[in-house]
Amino acid sequence: MVQSSWRDARAFCAWLSEATGRRFRLPTEAEWEKTARGTNGRIYPWGNRQPTAELCNYDMQVGHTTRLEGIPKM
């Protein structure tokens with residue numbers, strides 16, 4: 001399992017920007033929210049159903065990152 005902090009991610013963006021000459025950054029909270037929720041007004045990234053262990057890493061029930069293939073289709 002790989003765990004990265006917010007500071008680790010920011011440092012990586014700074015390193016990648018320096019290495020490539022292109023600008024990389026983390027999304028703002030507003031950008032992340034819009035991307036996660038989409039444009040159709042859903043409450044959660046998966047829709048309006050309450051969080052469960054099957055829908056997300058909720059309440060420490062999964063304990064590790066979830067492969068993209070494991071996310072239910074909307």
CZ/R37: more than 12 non-hydrogen atoms of other groups inside 6.0 Å: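 Enclosed.
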Atom CZ of R25: over 12 foreign heavy atoms under 6.0 Å: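 Counting neighbours around CZ of R25, more than 12 heavy atoms of other residues, nucleotides or ligands fall under 6.0 Å, so yes.
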OG1-NZ distance between T28 and K34, expressed to the nearest 0.5 angstrom: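 Here the rounded value is 10.5 Å.
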Gap separating the OG1 atom of T39 from the CZ atom of R42, nearest 0.5 angstrom: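 Taking OG1 in T39 and CZ in R42, the distance rounds to 7.5 Å.
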Shortest non-hydrogen contact from I43 toward N48: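 So the two residues come closest at N-OD1, 2.7 Å.
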Minimum heavy-atom distance between R49 and Y44, given as atom pair plus value: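 Minimum heavy-atom separation between R49 and Y44: O-CD1, 3.1 Å.
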Verdict with reasoning, W32 to L26, per side-chain contact (heavy atoms from CB on, under 4.5 Å): CA-CA 9 Å; W32 188 93; L26 297 176; over 6 Å; no
Hydrophobic cluster identity match, F24 and F12, side-chain contacts under 4.5 Å: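 Shared cluster, yes.
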